Amino acid sequence: MEKKKVKNIFVEGPISAAFIGESIAKHSSNTNIGAHSIFLGQVRSDVLGENVVQSIEYTTYADMALEKMAEIREEIFAKHALTCMHIHHSLGIISAGEICLFVFTSSKRRRAAVDACTEVVERIKNELPVWGKEIFADKTHQWKENTL
Amino acid sequence: MEKKKVKNIFVEGPISAAFIGESIAKHSSNTNIGAHSIFLGQVRSDVLGENVVQSIEYTTYADMALEKMAEIREEIFAKHALTCMHIHHSLGIISAGEICLFVFTSSKRRRAAVDACTEVVERIKNELPVWGKEIFADKTHQWKENTL
Amino acid sequence: MSSSINIIAFGRIAEIIGTSSRSFPHVATTNELKEFLNVKFPELKKVKYAIALNKKLITTDAAIEVSANIALLPPFSGG
Amino acid sequence: MSSSINIIAFGRIAEIIGTSSRSFPHVATTNELKEFLNVKFPELKKVKYAIALNKKLITTDAAIEVSANIALLPPFSGG
């Protein structure tokens, strides 16, 4: 089996805006970067009939997800002239309004960062074994399904 | 003449990572948002022969730029199902590694935020009367030209 | 002693089979496993799910080794 | 007293004409203005620039009112 560097992308709980700010600040020392593209997923309080989503509980099959993510990372770097890419996905209960996904790509010119960011978000949603359980105000729940 | 709400997008000096973090944090109260897309332009220390870019000095024809930006904003909102859009562009001297452009779009589902962000960045670069003077270490300069 | 296989399950599938990790008698292939599970847990017939063998999604019928990591995966909904 | 027009210039164009705001004798159209400027500042011939009248880019020859806001704009390079 081929070896890939497997980086953890999962964090317990929501991703704070301050953490995102700090991640951006760290890149000021790399003066070869001209463009950053960031995607943030935020938990939405969708209304389903009489119910309102209060939070989403995320679980994953971590071994498989991280192996798949390493594969995606390798393919994205082969395809786009990126300087760096950072990905953070929440696990556990994330309340409406909180951030559950942070994708951050950087490159010399904007095209690579923008294209890679969009592509990796699609691949995360379609290919990573992660599940979101939408928890309603009355404590019932339903399982999210990503639409392609 | 038609009236458009003209919002200022220009800030003197670089855009701080902390400001970006605070802007993100402000959106947690809007639980109708599911996706944020952010583009950041960072000043690159390009090498031209023996010279290295130390900073870029940005100037604008503010009256015309803000009128054009209001027009772009209106068209972007008509085209994409956005919740909100925030744009900040630096003026004055911005050093290599500092952020000079911050475009921030939010929407219920990711497609609108992502497409609008990419589109508005292109339009800002192509249509706003803003000029960047690349200042080299030896204090000589050259005028940037955006490539399409 | 007849051999057994260990199966992990996630999300809605774990709810249906009542646990996230469980042993079953060994079956030879992934299609046979699906048939076995559909009989044991009729509710599974209503749910779309995939099988991963050793962390790889199975798209056609595949042989199951006794030592394989077998996972039952409902539709993904990360991000 | 002959009428005059006020012109603002930016970036490289302001460097060439030596100032960012300046009066010139009134000319009737934007094409005439370009000819006048090219004679007065031969270096301008080497530079691509656009003219904005009242904050709108001019793409064909246009009449210049005495009161018009006239701006000389080198290629944009924001962002």
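These numbers were taken from a predicted model, which means no experiment stands behind them. Just the heavy atoms: all of them, side chains too, but no hydrogens, waters or symmetry mates, feed the values below. Reminder, nothing fancy here: chain letters follow the sequence lines and each chain counts from 1.
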So, the part of A:S90 with a heavy atom under 4.5 Å from chain C: the answer is neither
The interface call for A:Y61 against chain C, heavy-atom contacts under 4.5 Å, is both
If we count only N and O atoms by modelled type, under 3.5 Å, do the side chains of A:H141 and A:E57 hold a donor and an acceptor together?
no
**Message:** Is it true that C:N31 and C:T29 share a donor-acceptor pair across their side chains at a distance under 3.5 Å?
**Reply:** no
ask   = Would you call C:E15 and C:R12 a salt bridge, using N to O less than 4.0 angstrom?
value = no
Can you list the steps and then say if A:E127 with A:M69 is a side-chain contact (heavy atoms from CB on, under 4.5 Å)? CA-CA 9 Å; A:E127 298 178 39; A:M69 191 65 238; over 6 Å; no
For the pair A:T118 (side chain) and A:V114 (backbone), establish whether a donor and an acceptor sit closer than 3.5 Å, ignoring hydrogens and angles.
yes
The side-chain hydrogen bond (donor to acceptor under 3.5 Å, both in side chains) partners of A:S16 (sequence neighbours excluded) come to none
Requested in this report: Assess A:K144 against C:F76: is NZ or CZ under 6.0 Å from the centre of the six-membered ring, and within 45 degrees of the ring's axis?
Outcome: no
Comparing C:G78, C:S77, C:A52 against chain A, the one with the most heavy-atom pairs below 4.5 Å turns out to be C:S77
Assert top hit (heavy-atom pairs under 4.5 Å, partner chain A, pool C:A71, C:P74, C:S20) equals C:P74
When the 4.5 angstrom heavy-atom criterion is applied to C:I8 and chain A, the contacting part is side chain
Residues 98-108 of chain A vs chain C, non-hydrogen distance cutoff under 4.5 Å, contacting residues -> A:C100, A:L101
Max heavy-atom pairs within cutoff under 4.5 Å with chain C, candidates A:P129, A:G132, A:A65, goes to A:P129
Shortest non-hydrogen pair, C:L73 vs C:F10, comes out as CD2-CD1, 3.6 Å
In short, C:I17 meets C:R22 closest at the heavy-atom pair O-NH1, 3.8 Å
